[in-house]
Amino acid sequence: MSFDWSFFWGRLVDPGEVFLWALVNTIAMAVLAMALGLVIGTLVGFGRLSPFRAVRFVCAFYVWLIRGIPVLVLLVMFFSGLAAAGFYRFADMTLFGVTLTASFQAAVVGLAVHEGAYMGEIVRNGIQAVGKGQIEAAKSIGMTTLQLTYRITLPQAARVIVPPLGNDFNHMLKTTSLASVIGVREIFLVTESLSATTFKTFELLVAVALAYLMLTTVWNFVQMWIESRLRRHETSDHMQRSTRERLFAAFASNPDGASFRR
Amino acid sequence: MTENLQKQHGKGTSGPETGLTPLVLADGVRKWFGHLEVLKGISLSVSHGEVLSIVGRSGSGKSTFLRCINNLETYQDGRLYVAENLIGYREVNGKLRALPTRAIVQQRRHIGMVFQQFNLFWHMTVLENVIEGPIRVLNEPRETAVERGRELLIKVGLGDKFDSYPMKLSGGQQQRAAIARALAMQPKLMLFDEPTSALDPETTGEVLAVIADLAQSGMTMVIVTHEMSFAQRVSDRIAFMEEGLVNTIATPDAFFGQSDNKSLQRFLATIH
């Protein structure tokens, strides 16, 4: 077994411009797909609780269909399948001076459609968790359905939605690697093509694995910060724990962090 | 319509016979939950400035009737007017046609409601709870709403809790904040749905004191309650509901003097 340590460290210290651009693609794909997925998921989540049966049915059908198809199949379907059948062909386009390749667009749409189905269930759970009394109180002060949705239902549902949403984004950061199959120049694809020319396959794969680990770890911190912001109303101020404390507690055996305080 | 929020003088003079159009007028209000008829024709009226308490066993329909007044429940037959507006419907050739949501929302604006479970918006501070309606619904400037919100909170004894979240307050404090939230909408009518049933005895008193103050100020109120001595003290009239009907409605003195009313006596015996 041989592991070229100097090559490996070199990759970590200076991954090169190609890899950094690929990293931008990976992050952009994940963020855009997540944002679009959240929009789809919110519509689906509300749709599944709609008073109209047809709307409920369409949304339930969407969730059932998409959750039953592998993401990889979806991505290839959006990129090659639709074009082959003559439905829709993604083409490169320039938005605000940034060129989005056809494969990048297809990947974002495919990942978003996939995410939307899962998000729909998460959003539905969140909405259902909002107490009936809260809605009645909002109605009793004369709020319209729209007002009570964005002032009461959504902010309260957000407390329930954010933790699983964060986990989904963690997942999404890694799932973007599948877009390599349709030729999106993200970090896994450029790593693979580089390994074909350098034969340092293992070193490069460890390096790219570390890159994914770095992304998810950074996100983990962001997620904790968001969740602690959303929990302001729960604990009195002097009891509120810092992000650092919460992270420490996460590694401790007692997830409550009680042992840490004592 | 005459805006008379002054309290009528003396107990028992209120009611439709005073000559003023009553603020609340129910005429044969009926409601079914599926096949179960829960309101079997409620007729009563509440004058401007009057305090009406509704008592009765759980399941007698008193809360359901109260909730019909601001359309949190819909009735299916009869007529229910608040300030001469038919609640929830418009009448076309003697038939009831449901109003669009927008119109129902309009009707609710001037009717304040206080719930058994307080229902403060838990993601907002106490002050934010109070100013939410004035800002969003009445389109008041923020400064005005904040100023009046603070005044109201001071009035209900929460002058030091503006920025607290509801979960950090006791039940009694939450209920007083909920009363301030309802009052911030400057309602013509206040509805109380068992406002002290979820409270422990120590905090019940502080909430009842706030409601009694409000009664003194001349606010028109309908109170569903189990607190008989409180009802006797603050009400102009008390209604006893049984099995979806108003069994009796009378001034407190007359109400408690009905020794020949068997079902009322049975009810009073169980509650004391």
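Below, chain A is the first sequence line, B the second, and so on; all start at residue 1.
- Counting non-hydrogen atoms of other residues, nucleotides and ligands closer than 6.0 Å to CZ of B:F33 gives a total above 12.
- Looking at A:Q147, the atoms closer than 4.5 Å to chain B (heavy atoms on both sides) all sit in the side chain, from C-beta outward.
- A donor-acceptor pair is defined here as one N or O able to donate and one able to accept, closer than 3.5 Å; no such pair exists between the side chain of B:N119 and the backbone of A:Q134.
- In terms of heavy-atom pairs under 4.5 Å with chain A, the best-connected choice from B:N70, B:N71, B:L120, B:V114 is B:L120.
- Side-chain contact between A:I152 and B:H123: present, with at least one pair of heavy atoms (C-beta onward) separated by less than 4.5 Å.
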Legend entry - B:M113/A:E136 under side chain to side chain contact (heavy atoms under 4.5 Å, CB included): CA gap, chis, key distance, verdict: CA-CA 9 Å; B:M113 176 117 179; A:E136 290 189 343; over 6 Å; no

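- Only the side chain of B:F115 comes within contact range of chain A, with at least one heavy atom under 4.5 Å from a heavy atom of that chain.
- Residues satisfying the salt bridge (Lys or Arg N to Asp or Glu O under 4.0 Å) criterion with B:R142, sequence neighbours excluded, are absent altogether.
- To the nearest 0.5 Å, the span separating CD1 on A:I141 from CZ on B:R136 amounts to 10.5 Å.
- From B:I111, atom CD1 reaches atom OG of A:S140 across 10.0 Å, with rounding to the nearest 0.5 Å.
- Residue contact with chain A, scored on non-hydrogen atoms closer than 4.5 Å, involves the side chain of B:M185 exclusively.
- Closest approach of A:K139 to B:R108, counting heavy atoms only: O-CD, 3.1 Å.
- No other option in A:A158, A:P155, A:G142, A:G131 has as many heavy-atom pairs under 4.5 Å with chain B as A:G142.
- Note: A:T145 OG1 to B:I104 CD1 = 9.5 Å, rounded to the nearest 0.5 Å.
- Rounded to the nearest 0.5 angstrom, A:Q156 CD and B:W122 CH2 are separated by 4.5 Å.
- Contact of A:A138 with chain B is made through backbone and side chain together, with heavy-atom distances under 4.5 Å.
- Proximity of B:F121 to A:L148: side-chain heavy atoms (C-beta onward) are nowhere separated by under 4.5 Å.
- Around the OH atom of B:Y75, the shell of radius 6.0 Å holds more than 12 heavy atoms that belong to other residues, nucleotides or ligands.
- By number of non-hydrogen pairs under 4.5 angstrom with chain A, the leading residue of B:H110, B:E132, B:R109, B:R181 is B:E132.
- Under a cut-off of 6.0 angstrom, the local environment of CZ in A:F87 is sparse, with at most 12 non-hydrogen atoms contributed by other residues, nucleotides or ligands.
- For the atom pair B:M124 CE and A:R151 CZ, the distance stands at 4.5 Å (nearest 0.5 Å).
- For A:K174, the NZ atom counts as densely surrounded, since its 6.0 Å shell holds more than 12 non-hydrogen atoms of other residues, nucleotides or ligands.
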